[in-house]
Number of protein chains: 2
Amino acid sequence: MRADAQRNYDRIVEVARQVFRERGYDASLDDIAKLAGVGPGTLYRHFPKRENLLDAVMQSWVDKVTETTDKALTHEGSDRDLLLNWFQEYVGLISQHKGGPAKITSAMGDPDSPIMTKCQVLASANGRVIERLREDGALRDGVETIQVCRLVGGIATVADQSDLDASAVRPMLEVVADGLLR
Amino acid sequence: MRADAQRNYDRIVEVARQVFRERGYDASLDDIAKLAGVGPGTLYRHFPKRENLLDAVMQSWVDKVTETTDKALTHEGSDRDLLLNWFQEYVGLISQHKGGPAKITSAMGDPDSPIMTKCQVLASANGRVIERLREDGALRDGVETIQVCRLVGGIATVADQSDLDASAVRPMLEVVADGLLR
DNA sequence: AACAATACGGAGACTGTCTCCGTTTAGCAA
DNA sequence: TTGCTAAACGGAGACAGTCTCCGTATTGTT
């Protein structure tokens with residue numbers, strides 16, 4: 001990639017990260033181009049679809065996911081506490097910007113989504129936690145990790161769309177945790 | 001209301017019902033106006049916001065909700081079966097058109113939503129089922145009916161957005177049911 | 001310095017939302 | 001029936017967002 005192209009690419013991603021966080025995933029792309037000081041053509045050449053841009057923005061997010069998972073797995077306390085703590089981290093991770101929970105959760109099962117690979121990092125992070133609990137014999141039979149992603153993703157989605165705060169989300173996560181644990 | 005206005009109103013609602021079901025909640029309103037044989041101005045006078053139109057379309061849905069609830073409450077079998085059966089009906093009711101689950105679930109807590117009243121019919125229908133189970137002593141402590149709506153609404157939302165079928169939804173509903181029941 | 005190759009960016013096509021306002025019509029009263 | 005007025009109509013067009021095309025400008029290589 002030519003030096004000027006790289007420069008523009010980086011600026012667009014940086015601006016997009018900020019704008020997505022502030023205005024949500026539906027922010028105008030022409031606006032982002034303008035804020036980055038490039039024409040819309042440039043933005044659309046680098047990122048033909050909105051999701052390609054989101055994908056680039058998410059690169060750093062991926063690192064955060066594994067880091068957070070490692071920390072969650074060292075959690076001291078009961079299995080229930082471990083699971084609940086992980087659920088809260090999970091919700092936090094996918095709720096970084098408005099519209100995120102729905103986007104990420106539905107991308108997990110969509111092979112055509114440009115952010116699919118990113119989301120699968122999250123799915124396998126969740127898998128690590130679930131497998132750890134399964135080895136402890138803490139889970140009911142028949143629990144699939146993808147279902148767990150969808151359940152918690154669903155809660156995060158409604159919380160996102162209804163502007164619920166953590167205190168309203170917590171009891172819902174407890175219900176799901178209790179439904180999963182023996 | 002003048003006779004011609006009533007006529008147009010009815011035609012718009014009828015067309016909208018069909019189009020929303022076929023193309024989802026995001027269908028173009030100008031298209032709906034055209035299909036109904038009226039100008040966009042007419043549509044927007046009757047229904048200033050998209051949700052006002054949805055509200056009108058939902059009138060008949062409200063009847064269906066209470067009817068379905070009555071039937072669910074007569075269900076023979078265990079409490080778990082009753083609850084699971086109700087959950088499936090609930091998902092069916094809010095998944096009539098694409099985008100419905102998210103719309104309805106988030107409208108429940110939004111006093112400014114024109115469809116709020118309609119959604120509260122659903123919320124109180126759910127309340128009837130939950131109270132019935134509470135009287136039986138079947139529920140854990142601290143279960144709030146609005147949480148149940150959000151939990152099941154969340155599952156329906158991800159199912160809607162990921163095109164999941166009933167066999168994928170069922171186990172998630174079971175997790176929630178198990179988390180709610182003693 | 002010249003010249004490909006690469007990248008830029010803005011004009012504008014296209015789509016959907018929504019409003020304004022001149023025209024038409026329903027319904028009533030004489 | 002006719003005439004009148006309030007109500008309703010509907011389409012032109014303003015506005016916003018998405019995305020493309022293509023003439024222009026920049027890069028980096030020979």
Side-chain angles (χ1 to χ4, degrees), chain A residues 1-57 97-100 102-103 106-107 110 112-115, chain B residues 1-57 97-100 102-103 106-107 110 112-115:
Chain A
M1 177 147 36
R2 237 168 65 175
D4 55 342
Q6 183 71 56
R7 219 164 30 236
N8 281 326
Y9 184 100
D10 292 343
R11 296 201 56 192
I12 291 169
V13 171
E14 190 183 343
V15 168
R17 189 191 328 272
Q18 194 175 337
V19 172
F20 280 158
R21 206 190 301 278
E22 282 169 11
R23 310 189 197 168
Y25 173 74
D26 289 332
S28 155
L29 296 187
D30 280 23
D31 265 10
I32 290 174
K34 199 171 296 174
L35 282 170
V38 303
T42 300
L43 187 149
Y44 282 97
R45 191 162 1 83
H46 285 304
F47 311 100
K49 310 198 68 169
R50 176 179 290 271
E51 294 211 323
N52 297 122
L53 178 54
L54 189 57
D55 186 57
V57 165
H97 60 76
K98 207 151 174 50
K103 215 69 209 166
S106 71
D110 174 11
D112 297 335
S113 169
I115 64 170
Chain B
M1 177 146 34
R2 241 169 61 175
D4 55 341
Q6 183 71 57
R7 220 164 30 236
N8 281 326
Y9 183 101
D10 292 343
R11 298 202 54 194
I12 292 170
V13 172
E14 192 183 342
V15 167
R17 190 192 325 273
Q18 195 176 336
V19 172
F20 280 158
R21 205 190 302 277
E22 282 169 11
R23 309 187 197 169
Y25 173 73
D26 289 333
S28 154
L29 296 187
D30 280 23
D31 266 9
I32 290 174
K34 199 172 297 176
L35 281 169
V38 303
T42 301
L43 186 148
Y44 283 96
R45 193 165 355 84
H46 285 304
F47 311 100
K49 309 199 68 169
R50 176 179 290 272
E51 294 211 324
N52 297 121
L53 178 54
L54 188 58
D55 186 57
V57 165
H97 60 76
K98 206 149 175 53
K103 214 71 209 165
S106 70
D110 174 12
D112 298 335
S113 170
I115 65 170

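For the pair B/Asp30 CG and C/dC18 P, the interatomic distance rounds to 9 Å; values are reported in whole Å. Distance, B/Arg45 CZ to C/dT23 C1': 13 Å, rounded to whole Å. Rounded to an integer number of Å, the gap from A/Arg2 CZ to C/dA7 C1' is 5 Å. Atom NE2 of A/His46 and atom C1' of C/dA7 are 8 Å apart (whole Å).
Nearer to the 5' terminus of DNA chain C, by closest-nucleotide assignment, is the contact made by A/Gly41 (compared with the other of A/Gly41 and B/Met1). Mapped onto DNA chain C by nearest heavy atom, A/Val38 and B/Tyr44 fall at different nucleotides, with A/Val38 at the one closer to the 5' end.
Counting any heavy atom pair closer than 4.0 Å across all strands shown, A/Ala3 reaches sugar-phosphate atoms only and no base atom. Within 4.0 Å (heavy atoms only), B/Pro40 reaches at least one base atom of the nucleic acid. Nucleic acid contact for B/Thr42: base, since at least one base atom lies under 4.0 Å from a heavy atom of the residue. Contact annotation for B/Arg50: backbone-only contact, meaning every heavy-atom pair under 4.0 Å involves sugar-phosphate atoms and none involves a base.
One finds the CG atom of B/Leu35 at 8.5 Å from the CD atom of B/Gln18 (value rounded to the nearest 0.5 Å). The line from CG of B/Leu53 to CZ of B/Arg17 is 10.0 Å long, rounded to the nearest 0.5 Å. With values rounded to the nearest 0.5 angstrom, B/Asn8 atom CG is found 10.0 Å from B/Arg2 atom CZ. Atoms CZ and CD1, from B/Arg23 and B/Ile32 in turn, are 7.5 Å apart once rounded to the nearest 0.5 Å. Taking NE2 of A/His46 as the reference point, atom CD of A/Gln6 lies at 8.5 Å (rounded to 0.5 Å). With values rounded to the nearest 0.5 angstrom, A/Arg7 atom CZ is found 12.0 Å from A/Met1 atom CE.
Nucleotides of DNA chain D with any atom under 4.0 Å from a heavy atom of chain B span, from 5' to 3', D/dA6 to D/dA12.
The two residues B/Ile12 and B/Val38 come nearest to each other via the heavy atoms CD1-CG2, 3.9 Å.
Within residues 4-18 of chain B, the residues that place at least one heavy atom under 4.0 Å from DNA chain D are, in residue-number order, B/Asp4, B/Ala5, B/Asn8.
The aromatic rings of A/Tyr25 and A/His97 sit parallel, their planes meeting at an angle under 30°, below the 60° perpendicular limit.
The closest side-chain heavy-atom distance from B/Tyr44 to B/Leu29 is below 4.5 Å.
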